[in-house]
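In the text below, chain A, chain B and the rest are named by the order of the sequence lines, each starting its count at 1.
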Number of protein chains: 2
Amino acid sequence: MKSDAEQLLKEKNIKITANRILVLDVFLKNTHTLSLADIELALPWADRATIFRTLKTFEEKALLHSIKDDDKSVKYALCSNTCQVNHHRIHPHFHCDICGNTVCLTGFDIPILKLPDNYKANNYSLMINGICEKCQKQ
Amino acid sequence: MKSDAEQLLKEKNIKITANRILVLDVFLKNTHTLSLADIELALPWADRATIFRTLKTFEEKALLHSIKDDDKSVKYALCSNTCQVNHHRIHPHFHCDICGNTVCLTGFDIPILKLPDNYKANNYSLMINGICEKCQKQ
DNA sequence: AGTTTGAATGCAACTTAATTGCAAAATCAA
DNA sequence: TTGATTTTGCAATTAAGTTGCATTCAAACT
């Protein structure tokens with residue numbers, strides 16, 4: 001009986017190791033995006049360089065995508081199953097200017113935009129900054 | 001007779017200094033976005049910390065907006081005249097995966113998206129990755 | 001099961017962009 | 001011109017990201 005994490009790694013052709021299962025589990029248990037530092041906090045015994053390379057591998061294999069919001073460090077989130085290596089769909093994200101959390105938005109249908117002549121698009125990402133529900137209430 | 005740069009600084013309520021005029025001139029003379037390092041190259045005698053603080057000031061006063069593309073360093077571009085402090089419009093940018101240049105796209109009309117309940121948006125930015133015209137031809 | 005081989009890991013060191021403190025210089029208004 | 005305030009230049013620091021290398025591990029193959 002394989003865990004969800006193991007299953008996912010297998011599907012994405014990523015060699016299964018203890019570290020990778022645990023890093024992936026952190027993502028599976030969270031709704032918002034996570035930075036390398038967040039993973040370090042979640043797995044205090046783990047080595048930074050290993051986590052770093054794990055994230056890179058996951059990104060290369062289209063298991064995670066990276067997001068740059070207004071915070072200093074890069075964040076990562078699980079890819080939807082429409083993502084493939086070198087071919088991602090539009091990734092819309094919301095970054096809260098107060099708490100700093102960034103979440104992936106789903107169910108958005110952004111029309112494909114017409115680019116200037118001879119420009120070729122591979123990937124679209126939309127970042128929306130604002131105030132999230134939780135911070136709105138406070 | 002004031003230069004364009006001086007005029008702009010005045011409009012945005014930014015105190016006029018030699019450095020600021022020259023940094024702004026670099027932006028006025030370029031079509032694509034520029035990083036702090038790019039400004040250092042353009043103004044080799046200038047001090048990095050001063051440029052850094054100049055860019056921050058320009059961003060605060062909505063003369064520039066910052067852009068995070070897939071390169072390591074943050075880039076900046078002139079705001080359109082629809083930008084105001086704390087209230088920017090949608091900023092669409094195109095980042096070429098080959099040459100690394102990032103340009104602002106104009107004339108895009110991105111429909112305002114419906115956010116989840118109680119989410120409030122201040123700012124939208126769309127990053128399109130792909131291949132630019134120049135690199136396409138090569 | 002033991003062996004082999006390439007990949008993954010852990011540690012330490014390093015790189016680089018971004019950022020700060022502080023004293024000197026420049027700006028602007030009175 | 002003077003004084004209050006802001007900006008500048010230099011040097012030092014922070015912090016995220018990244019790499020080299022020796023060791024360990026995973027899994028494919030006797």
Side-chain angles (χ1 to χ4, degrees), chain A residues 2-3 5-26 33-61 63-76 95 100 102, chain B residues 2-3 5-26 33-61 63-76 95 100 102:
Chain A
K2 289 205 190 311
S3 69
E6 282 177 86
Q7 198 64 43
L8 265 170
L9 292 171
K10 195 154 220 174
E11 279 170 25
K12 296 285 185 177
N13 281 311
I14 302 167
K15 194 180 286 183
I16 292 169
T17 69
N19 271 285
R20 288 170 174 180
I21 291 172
L22 291 165
V23 171
L24 181 47
D25 268 337
V26 178
T33 63
L34 300 166
S35 65
L36 197 161
D38 292 328
I39 307 291
E40 278 191 277
L41 280 175
L43 308 174
W45 45 266
D47 180 70
R48 181 189 294 114
T50 302
I51 301 173
F52 171 75
R53 286 185 276 227
T54 298
L55 294 172
K56 286 280 172 215
T57 302
F58 285 4
E59 192 181 11
E60 264 167 31
K61 301 283 185 149
L63 177 54
L64 295 179
H65 59 274
S66 64
I67 303 136
K68 299 193 173 189
D69 58 25
D70 287 344
D71 294 350
K72 327 95 204 166
S73 52
V74 178
K75 297 177 182 175
Y76 294 86
H95 177 249
T102 295
Chain B
K2 289 203 189 309
S3 68
E6 281 176 87
Q7 199 63 43
L8 265 170
L9 290 171
K10 194 155 220 173
E11 279 170 25
K12 295 285 185 176
N13 282 308
I14 301 167
K15 199 177 283 186
I16 292 168
T17 69
N19 271 286
R20 287 171 175 179
I21 291 171
L22 291 165
V23 171
L24 182 47
D25 269 338
V26 179
T33 63
L34 299 166
S35 65
L36 197 161
D38 292 329
I39 307 291
E40 278 191 276
L41 280 175
L43 308 174
W45 46 264
D47 178 70
R48 180 188 295 114
T50 302
I51 302 173
F52 170 76
R53 285 184 276 228
T54 298
L55 294 173
K56 286 280 170 213
T57 302
F58 285 4
E59 191 182 11
E60 264 167 31
K61 302 282 186 152
L63 178 54
L64 296 179
H65 59 274
S66 63
I67 303 135
K68 298 193 174 187
D69 59 24
D70 288 345
D71 294 350
K72 328 94 206 166
S73 53
V74 178
K75 296 177 180 175
Y76 295 84
H95 177 248
T102 296

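Qualifying side-chain hydrogen bond (donor to acceptor under 3.5 Å, both in side chains) partners for B:S66, counting only residues two or more places apart in sequence or in other chains: B:E59. Every side-chain contact (heavy atoms from CB on, under 4.5 Å) that B:L43 has, sequence neighbours left out, goes to B:L22, B:V23, B:V26, B:I39, B:W45, B:A46. Considering only residues two or more places apart in sequence or on other chains, B:T17 meets the side-chain hydrogen bond (donor to acceptor under 3.5 Å, both in side chains) condition with none of them. Among residues two or more places apart in sequence or in another chain, the side-chain hydrogen bond (donor to acceptor under 3.5 Å, both in side chains) test is passed with A:T57 by none. Listed by chain and residue number, B:A49 satisfy the side-chain contact (heavy atoms from CB on, under 4.5 Å) test with B:R53 (two or more places apart in sequence, or in another chain). Residues passing the side-chain hydrogen bond (donor to acceptor under 3.5 Å, both in side chains) test with B:D69, sequence neighbours excluded: B:K75, B:T102.
For the residue pair A:D71 and B:K68, the shortest heavy atom distance occurs at O-NZ, 2.8 Å. Across all non-hydrogen atoms, the minimal contact from A:L24 to A:A5 is CD2-O, 3.5 Å. Pairing each heavy atom of A:F58 with each of A:R20, the nearest pair is CZ-O, 3.6 Å.
Residue pairs satisfying the salt bridge (charged side-chain N to carboxylate O under 4.0 Å, His left out) criterion with at least one member in residues 37-49 of chain A, sequence neighbours excluded, are listed as follows: A:E40-A:R48.
Annotation: the terminal axes of the helix from C:dA1-D:dT30 to C:dA30-D:dT1 meet at 40°, where each axis is the rotation carrying the C1' atoms of four end pairs onto the next four (5 pairs per end, rounded to 10°).
In this structure, B:K68 atom NZ and D:dA16 atom P are separated by 12 Å, rounded to whole Å. The interatomic distance linking B:L55 (CG) with D:dT7 (P) rounds to 14 Å, in whole Å. B:N13 has its CG atom 12 Å from the P atom of D:dT7, to the nearest Å. We find that CD1 of B:I51 is positioned 14 Å from C1' of D:dC10, with the value rounded to whole Å.
Mapping heavy-atom proximity under 4.0 Å, the span of DNA chain C touched by chain B runs 5' to 3' from C:dA17 to C:dC28.
Note on B:T50: a base of the nucleic acid sits closer than 4.0 angstrom, heavy atoms only.
Atoms CD1 and OH, on A:I67 and A:Y76 in that order, are 9.5 Å from each other to the nearest 0.5 Å.
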Where protein sits on nucleotides 18-30 of chain D, one letter per nucleotide: B base, S sugar-phosphate only, - none, heavy atoms under 4.0 Å | BBBB----SS---
